[in-house]
Structures are given as C-alpha cells and as structure tokens.
Novice: 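One structure, as structure tokens, below. Some questions next.
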Amino acid sequence: MAGRREPVPFAFPAEADGFRSNVAPPPRERAGVGQLAGRWLLGLTIVAGLVGSLLLGMPALSVDHSSTAPRQSQASRGH
C-alpha cells in the first residue's frame, strides 16, 4: 500500500485496476458449414420478408389523389 497516490476507503477497488489474469479463455470454435449455411439462410429469409412486406405495403401507404375530389351521387345529379 506504499505506492498509492490517493487514499481510498477500500484497498481492493484500487488494486483491481492493475489486475491481469493469467488464465486465457478457450479458443473459439469455428462454425461448421451447416451453421454458416443456416445463418445465411436465416439472414436471407429475414431480408426477403422485410422487402416483401415493403413491396406489399407500399400500395396501402400511397395516397390516392383521384379520390380526394368531391363526387356527386347519381341521385343528386338527376335533380
């Protein structure tokens, strides 16, 4: 505790900053061909679903300008 610059109420938080573990994590397993194909297929399915919903939803979101003009019914034209 002689090399400390400022006093802290607890010693372990100050000493934990410089702690380095000598235990290395295990190496990461490489994904197999089946896992890679499954990830690509899942990604393509999600993208295709988003694009399909956008294409099907665009007509519903568009504003029909021809229906904004007031229309007269057949009964009101005859009078």
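Residue indices begin at 1 and follow the sequence shown.
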Novice: Could you measure the distance from the CD atom of Glu29 to the CD atom of Gln35? Nearest 0.5 Å is fine.
Specialist: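 Going from the CD atom of Glu29 to the CD atom of Gln35 covers 8.5 Å.
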Novice: Could you list who else is in Met58's hydrophobic cluster, with ILVMFWY side chains joined at under 4.5 Å, directly or through other members?
Specialist: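 Members other than Met58 - counting any ILVMFWY side chain reachable under 4.5 Å - are Leu54.
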Novice: Just distance, no hydrogens or angles: give the donor-acceptor pairs under 3.5 Å from side chains in residues 40-53, sequence neighbours left out.
Specialist:
from, atom 1, to, atom 2, distance (Å)
Thr45, OG1, Leu41, O, 2.7
Ser53, OG, Gly49, O, 3.2
Ser53, OG, Leu50, O, 2.9

